[in-house]
Structures are given as C-alpha cells and as structure tokens.
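Scroll down for the structure; my scribbles are underneath it.
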Amino acid sequence: MLGDLPGKPFLLVQVACDLYLPTVTANLVDKGIIGQNLPYLWQTGGKMLLVSA
C-alpha cells in the first residue's frame with residue numbers, strides 16, 4: 001500500500017484536469033464562439049493546452 005503513495009497526487013491532478021476540461025469547453029462555445037469573442041477563444045485555448053499538458 002505504501003508503494004502506491006507517490007503516484008496518488010498525480011492521479012488526483014489528472015482527475016481534476018479531466019473534470020475541468022468539459023467546463024472550459026462549454027465556456028469556449030458559449031462565450032467565445034457564440035459570442036464571437038476571438039480574444040476569449042485564444043485565451044481559453046491556451047488554458048486548455050496548459051491543462052492538457
């Protein structure tokens with residue numbers, strides 16, 4: 001059980017990012033595409049790249 005301990009924080013970060021990306025995608029469509037806000041599209045796209053990395 002203690003052998004798995006070092007990897008658990010990474011798994012927690014991965015799960016948090018996996019749950020965050022659909023919210024960011026929904027905001028991208030609602031505020032960026034529908035609202036025709038090009039700077040918001042670039043900013044949100046950059047956030048998505050950082051979260052994915």
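Positions are given from 1, in the same order as the sequence printed here. For the numbers below, each heavy atom of this structure counts, side chains included, while hydrogens, waters and symmetry mates do not.
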Requested in this report: Only counting residues at least two apart or in another chain, list the ones meeting side-chain contact (heavy atoms from CB on, under 4.5 Å) with Gln36.
Outcome: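 Checked Gln36 against side-chain contact (heavy atoms from CB on, under 4.5 Å); zero matches.
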
Report task. Go through the structure and list residues passing side-chain contact (heavy atoms from CB on, under 4.5 Å) with Leu12, not counting sequence neighbours. Result ->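 Here no residue qualifies.
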
Query raised in the report: What distance separates Leu38 CG from Ile33 CD1, expressed to the nearest 0.5 Å?
Result: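 Those atoms lie 11.0 Å apart.
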
Query raised in the report: Out of curiosity, Asn37 CG to Asp30 CG, how far, rounded to the nearest 0.5 Å?
Result: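 So the gap between those two atoms works out to 12.5 Å.
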
Query raised in the report: Do Val13 and Tyr20 belong together in a cluster built from hydrophobic side chains that touch within less than 4.5 Å?
Result: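 No, separate clusters.
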
Requested in this report: Could you check if a side-chain atom of Ile34 sits within less than 4.5 angstrom of a side-chain atom of Val29, using non-hydrogen atoms only?
Outcome: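 Touching, per the 4.5 Å side-chain cut-off.
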
Would you list the atom pairs, donor with acceptor, under 3.5 Å between side chains in residues 40-48 and any protein atom, with sequence neighbours excluded?
from  : atom 1 : to    : atom 2 : distance (Å)
Thr44 : OG1    : Tyr40 : O      : 2.8

